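What's counted below: heavy atoms across the whole structure, side chains too, no hydrogens, waters or symmetry copies. If you're wondering where the values come from, they're calculated on a predicted model, not measured in any experiment.
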Amino acid sequence: MPAYHSSFNEDPEARQVGNMSILPIRTRIRGPAPIGDPSQADIIDETLDLFRANSLFRNFEIKGPADRTLIILILFVSDCLAKIGSARTPPSQIEASKLLNTLSVDHFPIPGDANFALNSHYAPPSSRQEADYLRQYLTQVRQELSARLVEKLYADGTGKPSKWWMAFQKRRFMNRSLGT
């Protein structure tokens, strides 16, 4: 059974930095990301929908620039779950939100940096301005992704993270981690 790929791979209007797609998102967080259509799913919805299925795969064939964005976001979700799971006691929704927001704005490597885990699959940004733009875009997307992930984790109203999501905290998509 093949892994699930991004439906945004064929988007001709998506800007690219390096060989990654800069896709529109629905967000309230300020940043450089293009504003998405509120009635349609965006890359963050797609990441949350495909995370559990794709995290079972060790291999992933990249079929387009949106897949590269999807990979980074799936690995970030994995790091978020590991961060929540590493707490002594399960954090409340507010604590988890603070924890993941801090994780999402912390300094992280981007394609082209020496300590970026997937440099062999990603082209570095062509200029310093593009690198800054990519870092700002990824920061904004990570913040929105962490906010939506917390909503999903605590959707049942028990005050504890969903065991059906936390079961994936030790799974590593493609046996990789962003190392955040």
Side-chain angles (χ1 to χ4, degrees), residues 1-27 29 31-36 41-83 100-149 168-180:
M1 179 176 189
Y4 297 97
H5 296 276
S6 177
S7 61
F8 297 103
N9 276 329
E10 305 302 320
D11 187 359
E13 295 153 14
R15 177 179 174 190
Q16 288 188 25
V17 174
N19 55 1
M20 258 180 73
S21 282
I22 304 298
L23 298 164
I25 59 172
R26 297 183 328 266
T27 184
I29 298 167
I35 303 300
D42 60 6
I43 188 68
I44 295 172
D45 292 330
E46 188 174 66
T47 299
L48 292 171
D49 290 345
L50 298 179
F51 169 74
R52 292 185 285 182
N54 275 352
S55 66
L56 301 173
F57 292 100
R58 292 181 187 262
N59 299 320
F60 187 82
E61 179 186 357
I62 298 172
K63 294 191 175 189
D67 277 348
R68 289 183 176 84
T69 306
L70 181 67
I71 288 170
I72 287 181
L73 296 179
I74 286 175
L75 292 175
F76 178 68
V77 170
S78 182
D79 288 348
C80 288
L81 293 178
K83 185 80 165 177
L100 296 186
N101 194 39
T102 301
L103 179 66
S104 62
V105 297
D106 280 348
H107 183 75
F108 57 91
I110 61 171
D113 289 351
N115 53 349
F116 184 68
L118 301 165
N119 266 335
S120 60
H121 304 289
Y122 288 80
S126 61
S127 67
R128 181 77 177 149
Q129 290 80 17
E130 278 201 351
D132 290 341
Y133 178 80
L134 180 61
R135 184 174 306 280
Q136 291 171 359
Y137 172 77
L138 287 176
T139 300
Q140 181 184 8
V141 170
R142 287 164 53 120
Q143 285 178 299
E144 183 65 28
L145 178 58
S146 65
R148 291 192 206 173
L149 178 62
F168 288 87
Q169 69 182 337
K170 290 190 169 82
R171 301 285 291 162
R172 291 286 174 222
F173 177 56
M174 297 173 33
N175 278 341
R176 298 287 174 94
S177 172
L178 291 177
T180 54

Query raised in the report: What's the verdict on side chain to side chain contact (heavy atoms under 4.5 Å, CB included) for Leu138 and Phe108, showing C-alpha distance, side-chain angles and the deciding distance?
Result: CA-CA 9 Å; Leu138 287 176; Phe108 57 91; 3.7 Å; yes

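- Remark: side-chain polar atoms of Gln136 are not paired, donor with acceptor, to backbone N or O of Gly31 under 3.5 angstrom.
- With values rounded to the nearest 0.5 angstrom, Ile29 atom CD1 is found 6.5 Å from Ser146 atom OG.
- Looking at Arg68, its side chain never comes within 3.5 Å of a backbone N or O of Gly18 through a donor-acceptor pair.
- Phe60 and His5 have tilted rings, their planes meeting at an angle from 30° to 60° on a 0 to 90° scale.
- Note on Asp113 versus Arg135: salt bridge recorded, some NZ/NE/NH1/NH2 to OD/OE distance being below 4.0 Å.
- Here the straight-line distance linking atom CG of Leu48 with atom CD1 of Ile74 works out to 9.5 Å at 0.5 Å rounding.
- Between the Gln140 side chain and the Ala33 main chain, a donor and an acceptor come within less than 3.5 Å of each other.
- Here the CE-CD distance, from Met20 to Glu130, works out to 11.5 Å after rounding to the nearest 0.5 Å.
- Side chains of Phe116 and Ile110 form no contact here, defined as non-hydrogen atoms less than 4.5 Å apart.
- Atom OG1 in Thr47 sits 10.5 Å away from atom CD1 in Ile72 (nearest 0.5 Å).
- Under the 3.5 Å distance criterion, the side-chain polar atoms of Asn9 are matched with a main-chain donor or acceptor of Asp67.
- In this structure, Ile44 CD1 and Leu70 CG are separated by 11.5 Å, a value rounded to the nearest 0.5 Å.
- Separation of atoms CD1 (Ile25) and CD1 (Ile35) is listed at 7.5 Å; rounding is to 0.5 Å.
- For Arg26 against Gly36, the heavy-atom pair with the smallest separation is CG-O, 4.1 Å.
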**Report entry** Verdict with reasoning, Val17 to Tyr137, per side chain to side chain contact (heavy atoms under 4.5 Å, CB included)
**Finding:** CA-CA 10 Å; Val17 174; Tyr137 172 77; over 6 Å; no

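- Contact check for Thr69 versus Ser6: no side-chain heavy atoms found under the 4.5 Å cut-off.
- For the pair Pro109 and Asn115, the tightest heavy-atom approach, listed with the atom from each and the gap, is CB-OD1, 3.4 Å.
- Not a single donor-acceptor pair under 3.5 Å links the side chain of Ser21 to the backbone N or O of Leu23.
- With respect to Phe51, the side chain to side chain contact (heavy atoms under 4.5 Å, CB included) criterion is satisfied by exactly one of Leu81, Leu149, Leu75: Leu81.
- Residues Ser104 and Thr139 fail the side-chain proximity criterion, which asks for heavy atoms closer than 4.5 Å.
- In terms of heavy atoms, Ala41 sits closest to Phe8 at O-CZ, 3.5 Å.
- Counting heavy atoms from C-beta outward, Arg148 and Gln143 have side chains that stay 4.5 Å or more apart.
- Annotation: cation-pi pair Arg15/Tyr133 present, NZ/CZ under 6.0 Å from the ring centroid and within 45° of its normal.
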**Report entry** Step-by-step side chain to side chain contact (heavy atoms under 4.5 Å, CB included) determination, Val141 to Phe76
**Finding:** CA-CA 10 Å; Val141 170; Phe76 178 68; over 6 Å; no

Report task. Any chance you could lay out the side chain to side chain contact (heavy atoms under 4.5 Å, CB included) test for Asp42 and Asp45, step after step, and finish with the verdict? Result -> CA-CA 5 Å; Asp42 60 6; Asp45 292 330; 3.3 Å; yes

